[in-house]
Engineer: 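Quick one: structure below, then a few questions.
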Amino acid sequence: MARSVAVVGTGQTRHVSRRDDVNMAEMVREAALLALQDTGLGPGDVDAVVVGSAPEIFEGVNSPENWVGPAVGAAGKPMLRIHTGGTAGASAAIAAYYHVASGLFDTVLAVAYEKLSDGSAQYGLSTCCDPLWDRDFACGAPALVALQAREYMARYHPEITEEHGAMVAVKNRKNALLNPCAQLRMELTVQDVMDSAPVASPLKVLDCCPTSDGAAALVIASGSRARKLAARPAWITGVGTCTESPYVPDVDLAYPESCVRAAQHAYQMAWVYEPLKELDVAEVYEAFSFQELIWYETLGFCKPGQGGRLVESGITKLDGEFPVNPSGGVLSSNPIGASAMIRQLEAARQVMGKAGDHQVGGVRRALAHSWGGAIQFSTVTIFSNEP
Amino acid sequence: MLEVAGGSEEPVEVVEGDLDIEYRYAYGEYYDRFYREMRDNRRIMGVACARCRCVLLPPRPYCGFCYEPVDRWVELADEGTVQTFTNVQLPFPGQPTEPPYIYAFIMLDGAAVQFPHLLGEVDPARARVGMRVKAVWAENRKGTLHDIKYFRPVENEG
């Protein structure tokens, strides 16, 4: 039986379109020091470091852990770099969780980052595809997710409309107004989103995430350490990850199995039977508006095809019964390698009572989700106020 | 090569970098046969999984659903049904096609997984999921997916 494990400290930078005042390693150090300060620890006090980062081609720096790891205190300690596309940040924290749950380490620092202004995000994303197959058609992330959104809308026609996607964009960007770290903080209307410039139909500019510079860090500790280091640790009670085929068409884009399975595994571990009733808040990886509707369904918040109705009902608004993305989500900030860890950080803070102006009242259990690769990796992490 | 941006009196804030690398990718046995058939015979070949009773693209030595080894080749129609599509409006760095263009996943008749390609000769406003389309082959074929120029609507469509 694995040991109980908790997040005891969290840190993140502001997420902005460009940071020229710091280099990549300094930016990651900024988040790491904030997370360590949150626990009263110094870089020397952790037993191991896990670095999460997205494809090296984004910044054009190979083996970035050579540079980033020592900047956050990894010298003289075990260090691993974890890379699983968009889920890299969450996978890094989950790897830190494995370290501690195994009993081999007591306190582990996980960091994740992206400095997208250093290079070309969309060029980098296209080169993630099989060069022998679909690379020449894979226009970064937007075209792939546009295909996903169209398939989803067609399957449940006429239940899901472009306006439902727009509602997600309006909701999350409004939540971001309360998050000082978010990049796009906007009061919008559904019409604003509908009227914004077309990117790849049905996606318009305001359905899409920005590209960001930013970093996040989590200090993860064993049960006995956690009780000493934090007044209200966020206990990691459920973890699920799953992988699917790299050939996009093999994946059911409108209902990705990897997400369903990751959720089932995490729910089983955390004893969650009715997610909408038993969870209090969720942070999901909606790089594009329509994805939040799809994740409502694959995470079991509603039945397949009901995502539009769920967002329409207002339940997932900040003042609703089950807020989704109170931080503003990925639609408001997307430092790609960090975004999945930011979902975990925000969910953990909700449980710790440290979410600031976008804190939801009385949170006992929070969910963090992420997707990555060619919509082929999924992670789900559940945080609770007790082990 | 690193170049310092700005003159000597300016603070050194940003350096410009550039990576210029050429790659050559081996096709391997399955892609090799697939692309030879496209180039020489205008044929789209999939591999059939005996256990799942389905035909897979791209051809590969294992079934993506059940992991069984797969070695039986099956010819697929160069005609199929649009499963999903997007009208791409913006240029994406590294992509060879000039926007606007329609990128689609097409379920070829007889296949179990979709084929990624472009739609052509179609009014974007009339493109729809479920549309029947047929491959338009390139005259000059080199053994890549561009051996098909695009898929066009079959008669009574588009």
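If you're wondering where the values come from, they're calculated on a predicted model, not measured in any experiment. Note on naming: letters A, B, ... go to the chains in the order of the sequence lines (proteins, then strands), and numbering restarts at 1 for each one.
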Engineer: With chain B as the partner chain, list the residues of residues 148-158 of chain A whose heavy atoms fall under 4.5 Å from it, by residue number, and write 'none' if nothing qualifies.
Structural biologist: A:Arg150, A:Glu151, A:Ala154
Engineer: Report the C-alpha separation of A:Ser339 and A:Asn334 in whole Å, then their side-chain angles, then the decisive distance to 0.1 Å, and conclude whether the side-chain hydrogen bond (donor to acceptor under 3.5 Å, both in side chains) test is met.
Structural biologist: CA-CA 6 Å; A:Ser339 288; A:Asn334 193 9; 2.5 Å; yes
Engineer: Please determine if A:Asp130 and A:Arg135 form a salt bridge, counting it only when a charged side-chain N lies under 4.0 Å from a carboxylate O.
Structural biologist: no
Engineer: Between B:Thr144, B:Leu118, B:Ile102, which has the largest tally of heavy atom pairs under 4.5 Å with chain A?
Structural biologist: B:Leu118
Engineer: Measure distances from B:Leu19 to the heavy atoms of chain A and classify the residue's part below 4.5 Å as side chain, backbone, both or neither.
Structural biologist: side chain
Engineer: Please determine if A:Arg19 and A:Glu30 form a salt bridge, counting it only when a charged side-chain N lies under 4.0 Å from a carboxylate O.
Structural biologist: yes
Engineer: Counting neighbours of NE2 on A:His83 that are heavy atoms of other residues, nucleotides or ligands and sit closer than 6.0 Å, is the number greater than 12?
Structural biologist: yes
Engineer: Mind ranking B:Phe34, B:Phe85, B:Tyr101, B:Tyr25 by heavy-atom pairs under 4.5 Å with chain A and telling me who comes out on top?
Structural biologist: B:Phe85
Engineer: Would you sort out whether A:Asp213 and A:Arg18 count as a salt bridge (Lys or Arg N to Asp or Glu O under 4.0 Å), showing the intermediate values?
Structural biologist: CA-CA 6 Å; A:Asp213 289 0; A:Arg18 184 173 190 109; over 6 Å; no
Engineer: Over 60° means perpendicular and under 30° means parallel, so tell me whether B:Tyr35 and B:Tyr31 are parallel, tilted or perpendicular.
Structural biologist: parallel
Engineer: Side chain from CB out, backbone as N, CA, C, O: work out which of these in B:His146 comes under 4.5 Å of a heavy atom of chain A, or both, or neither.
Structural biologist: side chain
Engineer: Run the salt bridge (Lys or Arg N to Asp or Glu O under 4.0 Å) test against A:Glu297 and tell me which residues pass, sequence neighbours left out.
Structural biologist: none
Engineer: What pairs of residues pass the salt bridge (charged side-chain N to carboxylate O under 4.0 Å, His left out) test when at least one of them lies in residues 144-154 of chain B, not counting sequence neighbours?
Structural biologist: none
Engineer: Residues of residues 38-53 of chain B under 4.5 Å from chain A (heavy atom pairs)?
Structural biologist: none
Engineer: For this output row, return yes or no: ring centroids of B:Tyr30 and B:Trp73 closer than 6.0 angstrom.
Structural biologist: yes
Engineer: Do you know which of A:Ser201, A:Ala143, A:Ser120 has the most heavy-atom pairs with chain B at a distance under 4.5 angstrom?
Structural biologist: A:Ser201
Engineer: Under 4.5 Å heavy-atom distance to chain A, tell me which part of B:Val88 shows up: side chain, backbone, both or neither.
Structural biologist: both
Engineer: One thing to verify: whether A:Glu56 and A:Arg81 come together as a salt bridge, which I'm taking to mean a side-chain N less than 4.0 angstrom from a carboxylate O.
Structural biologist: yes
Engineer: If you take the centroid of each ring, where Trp contributes its six-membered ring, are A:Phe137 and B:His117 closer together than 6.0 Å?
Structural biologist: yes
Engineer: CZ of A:Arg261: more than 12 outside heavy atoms within 6.0 angstrom?
Structural biologist: no
Engineer: Please determine whether the number of non-hydrogen atoms from other residues, nucleotides or ligands lying under 6.0 Å from atom CZ of A:Arg29 exceeds 12.
Structural biologist: no
Engineer: Select, from A:Gly124, A:Gly119, A:Pro142, the one with the greatest count of heavy-atom pairs under 4.5 Å involving chain B.
Structural biologist: A:Pro142
